[in-house]
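Order of the sequence lines fixes the chain letters, A, B, ..., with proteins taken first and strands second; residue numbering starts at 1 for each chain.
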Amino acid sequence: MLKEYLTIRDISGPLLLVEEVEGVKYEELVEVELPDGDKRMGKVLEVNEDKALIQLFEGTTGVDVTKCRVRFLARGIEIGLSMEVLGRVFDGLGRPIDGGPKILAEKSYDINGNPINPFARDYPEEFIQTGISAIDGLNTLVRGQKLPIFSGSGLPHNQLAAQIARQARVLGTKEKFAIVFGAMGITHEEAEYFASDFEETGAIDRSVLFLNLANNPALERIATPRMALTTAEFLAFEKDVHVLVILTDMTNYCEALREISAARKEIPGRRGYPGYLYTDLSTIYERAGRIKGKNGSITQIPILSMPEDDKTHPIPDLTGYITEGQIILSRALHRKNISPPIDVLPSLSRLKDKGIGRDKTREDHSDVFNQLFAAYARGKEAQELSVILGEAALSEIDKMYYDFADTFERQYVSQGDYENRSIEETLDLGWKLLSVFPTSELKRIRGEWIDKYLTRFKEEEPKKLAKVA
Amino acid sequence: MRKGVIVKVAGPLVVADQMQDARMFDVVRVSEKGLIGEIIEIHSQRAFIQVYEDTLGIGPGEPVESTGLPLSVELAPGLIESIYDGIQRPLDIIYERTGDYITRGITVPPIDRGRKWAFKPHKKEGDRVEGGDIIGSVQETVVVEHRIMVPISIKGTIREIREGEFTVEEIICRVETPDGMRDISMLQKWPVRKPRPYKKKLPPEEPLVTGQRVIDMLFPVAKGGTACVPGPFGSGKTVIQHQLAKWADAEIIVYVGCGERGNEMTDVLIELPQLKDPKTGETLMRRTVLIANTSNMPVAAREASVYTGITLAEYFRDMGYSVALQADSTSRWAEAMREISGRLEEMPGEEGYPAYLGTRIAEFYERSGKVICMGSDNRVGALTTIGSISPPGGDLSDPVVQSTLRVVKVFWSLEDRLAFQRHFPAISWLNSYSLYHDNLEEHMKKHVTEEFPEQRKEAMRLLQQEAELLEIARLVGMDSLSISDRLVLETTRSIREDFLHQNAFHEIDTYTSSEKNYLLLNLILQLHHLCEGMLEKVIPFQKIQGLRVREEIARAKYIPEDQLDQLREIEAHIRSEAEEVLREEGESNA
């Protein structure tokens, strides 16, 4: 029988201070029973002699100092898992909310997990084809990568994430694939969008959803991504499934973290976020990857909305330092009706170099990528210049780049929510766009590829590609 | 030693009572799980402990035991090719023992106790030895001879020295000292927070050749020097660090992955054993020690990891090697300090960092240098330290950047503007600096070419001029520039695209020797000089701009190291094409 304490002393914000406790452990799970029988979950944030500081996930409304009973459950926060979780919907703390039965767990797992030994990791290098040119061609995603989408309010990041979930596949394999979706503080409508999209495409049977919506307790959000990732680890490393984890919206998660930090009166770091935000985020993001000798993998796509579209805000900033690149959405492109509005220049996939090339995508990929990129960057520069000086000031060659940048956005980046391009189509489209330049401008492409692809392309390809344009 | 009792747990900070025997910075074992921690503050009987492992499930009442020793590393054959965590636990052995995840409270000796090494004495019975003297060696890997040194505190006469196969703990030598007989084994320990001693520091005069053109040519670092690489995310800090770990001509590399990505460490682990050292032909792993404390591993061990790394590096320096220590990233180390300081409720300095941030950073970088090592043979060792910094938002006013710039001599400023243009390495030629030019000039003149300093100055002058010209062009348009200014822009574009730009993932472009470096820049500058001459002879600018040889220059960096004659051929082509243009022009005028 667990001891019950009636010794709550202080209540402030989401925090409780309980005195005269014995044998309490750091990070232990706590249950608080209100006089009306309502039960709240929480965890121990600090123990100091016989005093325990507890953070309640569902808020302290209605908690009093005389009648509430506190029980320490002698374990951390756990989730029971088995293959039955596929196709199910849970709340932010892992309780089923789809009306289905309880999960018959094979085993319970502590949601904090343990750090993967860097020596046990296998390097992510299997190309994932998302069918989106701006990603496959220029910011290639690989299995085991964590690639966030940096977005802003009003931008179609959900559509992009859903499109990736719908289209992602590894070339030439038929392995088990699942989606784990963790929602933190998003609206009911947004959650519904994903749920119905998964349902329409049949993806729901291989999906697990953890939903903490905007009207659910904010502090529950601290646990939600960890619930999702523990499930993903179970599927990937014990059941050999390739898992794609979508976490949205990380900004809400960080705000919940800030709320607790402020309640604890900790010394704030930048913009009031706690100094350990980096460490805390890394314990989420670093749970992506591949492990030697295991067939499954975890690929993460966290979505975060940048406050005021500011990339230097602490949340995107620290995220960028941990994740392996970022896909940035641009408001300007969105206004131009480019869909998806991926801003190619500041976007980056750090792992692309190992995931592209011969036997993975195609031998010319790396060079084509570098050339497209350089040409687009120069085109953008020319466009800026012409805004100041007028188009007349541009040299002949700069005008070429100016036009290229426009065509590139309209034909290469833009493709709509339902077009699924193969990597060959993406690469050939790149060659087609580059073919407007004289060969001497294509400095970043090896001569042999120019001979092999550009000439071949100029002779045969135009007919085939006319429809793409 | 008496056991203390935990009274408080808050994240990585644990407070224990009844610790009257405790000393500052002693290592303690916390709770029955035996978590490793270090005492960082003492208030009468209470010791404040930073714990190097996750404190989940730890509570008041559990025991704390002091080991009575400060946090130390083990130094012996077996270090090379190892991968350690922040407190020198071998990750490969942990993987064998506990599987894919790092569980808590494991103790594994950093050095394999069972393995036997062939020890070859260099001294004989009756020799007088003092601390730091090399008494013998072990061929640790094909390229690294591990020199066994007399511990610093011992001075006397060798009474016995053995040859043969020994484990690291077996006695290989006995020295008679005024205080009695002392046994020496191959294994030594050294506290990480205490710099290893040396006889004298020397000014660094030799460059650390990194194979990276922009570094070697424009902003070189000396062997025994210090450098820092600050930059926002995505600007390529880690790629630069990896490139240096791969190609820098140091004899030993200690690479500290401090609070960075797990996959990046895996990358290093997979790639280094496959790459061949251009000098020895052996794989690069054969000279490397890795320390990996990734961002999701406990924060306190991250704080210790840079000290662990530099102590190992100093040990190899003491053997008389040229060592490079690379710390990626020192910002994570500083943040770990901030986190612990916050938990200790210390008065914060700038941005919440502790007030002693600057001191700690300065102490760390000051442990590098070119030195005369301890011992009677006056051998010289060098320790080069290269730290990357990840300032929030790429803002260089960050306290970690500013504290670092006050002590380091080389600053490679990474700019995201360059990274967006995929100009890699994204080292800004306008903001970066190296204070070693004067020190290195003599060496470069002697070993590469007499013209080296002049070449560098001219390239820098042109690039500076470019920045000014572009500013003017932006205000009043390209047309307002004179022809000779346009020529400067043409040349600097070539310097940027054909010389400074370097593709780390291209099999040939990834490394450039000093000679090729010089020849490449020479081509561009030669062409520039000839074009200047042509302009004087009123050759139209279009013709100068359209010289066919420009394309050859653009592809020159892909010429393999063993075919450098091709570069000289291009030089001949430049001349002949220039003559041709002049001749045609003369004919059409005639």
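B:R338 approaches A:G275 most closely through the heavy-atom pair NH2-O, 3.8 Å. Among all heavy-atom pairs drawn from A:S282 and B:S295, the shortest one is OG-O, 2.9 Å.
Under a 3.5 Å cut-off, the side chain of A:D317 and the backbone N or O of B:G393 do form a donor-acceptor pair. When atom types are taken as modelled, the side chain of A:Y321 and the backbone of B:E260 share no donor-acceptor pair closer than 3.5 angstrom. Without hydrogens or angle criteria, A:Y26 side chain to B:G11 main chain gives a donor-acceptor distance under 3.5 Å. Between the side chain of B:R261 and the main chain of A:T323, a donor-acceptor pair closer than 3.5 Å is present. Proximity of a side-chain donor or acceptor of A:E266 to a complementary backbone N or O of B:G342 within less than 3.5 Å is not detected. Put simply, the side chain of B:D100 never gets that close to the backbone of A:A120: no donor and acceptor are under 3.5 Å apart.
Under a cut-off of 6.0 angstrom, the local environment of CD in B:E507 is crowded, with over 12 non-hydrogen atoms contributed by other residues, nucleotides or ligands. Other residues, nucleotides and ligands contribute over 12 non-hydrogen atoms within 6.0 Å of the CD atom of A:E19.
If you tally non-hydrogen atom pairs under 4.5 Å between each of B:D92, B:D17, B:T294, B:I270 and chain A, the highest count goes to B:D92. Ranked by heavy-atom pairs under 4.5 Å with chain B, the first of A:E28, A:E125, A:K292, A:R444 is A:R444. Most heavy-atom pairs under 4.5 Å with chain A: of the set B:A473, B:P392, B:S329, this distinction falls to B:P392. When each of A:V24, A:I322, A:L281, A:D110 is checked for heavy-atom pairs under 4.5 Å with chain B, A:I322 comes out on top. Interface remark: of the candidates A:D353, A:L45, A:I291, A:D353 forms the most heavy-atom pairs closer than 4.5 Å to chain B. Note on A:I116, A:T312, A:V47, A:N114: by heavy-atom pairs under 4.5 Å with chain B, the leading option is A:V47. Ranked by heavy-atom pairs under 4.5 Å with chain A, the first of B:E335, B:R302, B:H423, B:E345 is B:R302. When the candidates B:E351, B:M297, B:R104 are compared by the number of heavy-atom contacts under 4.5 Å with chain A, B:M297 comes out ahead. Listed options B:G262, B:G352, B:A504, B:G259 were ranked by heavy-atom pairs under 4.5 angstrom with chain A; first place goes to B:G262.
We find the NZ-CG distance between A:K146 and B:N263 to be 4.5 Å, quoted to the nearest 0.5 Å. Atom CD1 of A:I397 is separated from atom CD of B:Q545 by 9.5 Å, given to the nearest 0.5 angstrom. Here A:R270 contributes atom CZ and B:D395 contributes atom CG; the two are 8.0 Å apart, rounded to the nearest 0.5 Å. Atom CD1 of residue A:I284 and atom CG of residue B:N296 lie 11.5 Å apart, to the nearest 0.5 angstrom. Here B:N503 contributes atom CG and A:D367 contributes atom CG; the two are 8.0 Å apart, rounded to the nearest 0.5 Å. From A:I267, atom CD1 reaches atom OG of B:S341 across 6.5 Å, with rounding to the nearest 0.5 Å.
Residues B:D416 and A:P346 fail the side-chain proximity criterion, which asks for heavy atoms closer than 4.5 Å. The shortest side-chain heavy-atom distance between B:R343 and A:Y276 falls under the 4.5 Å cut-off. The shortest side-chain heavy-atom distance between B:T266 and A:R290 does not fall under the 4.5 Å cut-off. B:I94 is not listed as a side-chain neighbour of A:F119, based on a closest heavy-atom distance of 4.5 Å or more.
For B:Y95, the parts lying under 4.5 angstrom from a heavy atom of chain A are both the backbone and the side chain. Looking at B:P90, neither its backbone nor its side chain comes within 4.5 Å of chain A, counting heavy atoms on both sides. Heavy-atom distances place the side chain of B:L269, and not its backbone, under 4.5 Å from chain A. In this structure, chain A has a heavy atom under 4.5 Å from the backbone of B:E346, while its side chain stays farther away. Contact annotation for B:T55: both backbone and side-chain heavy atoms come within less than 4.5 Å of a heavy atom of chain A. Heavy atoms closer than 4.5 Å to chain A are found in the side chain of B:V299, but not in its backbone. Contacts between B:D498 and chain A at a heavy-atom distance below 4.5 Å involve the side chain alone, from C-beta outward. Looking at B:L290, there are no atoms closer than 4.5 Å to chain A (heavy atoms on both sides), in backbone or side chain. Heavy atoms of B:I102 lying under 4.5 Å from chain A belong to its backbone as well as its side chain.
Checked against side chain to side chain donor-acceptor pair (under 3.5 Å), A:K443 has the following partners two or more places apart in sequence or in another chain: B:E497. Partners of A:Y278 under the ring pair (Phe, Tyr, Trp, His ring centres under 6.0 Å) rule, at least two apart in sequence or in another chain, do not exist in this structure. With sequence neighbours excluded, the residues that form a ring pair (Phe, Tyr, Trp, His ring centres under 6.0 Å) with A:H313 are A:Y273.
Taking the centre and axis of the six-membered ring of B:F233, the NZ or CZ atom of A:R350 falls outside the cone set by 45° and 6.0 Å.
Against chain A, the residues from residues 547-557 of chain B that qualify, each with a non-hydrogen atom under 4.5 angstrom away, are B:E551, B:A554, B:R555 in number order.
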Chi angles and distances behind the side chain to side chain contact (heavy atoms under 4.5 Å, CB included) call for A:R446, B:H506: CA-CA 11 Å; A:R446 266 164 262 208; B:H506 188 287; 4.0 Å; yes
Stepwise side chain to side chain contact (heavy atoms under 4.5 Å, CB included) test for A:E27 and B:D54: CA-CA 10 Å; A:E27 290 262 334; B:D54 198 353; 5.9 Å; no
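A salt bridge is defined here as a Lys NZ or Arg NE, NH1 or NH2 lying under 4.0 Å from an Asp or Glu carboxylate O, and A:K25 with B:E32 fails to meet this definition.
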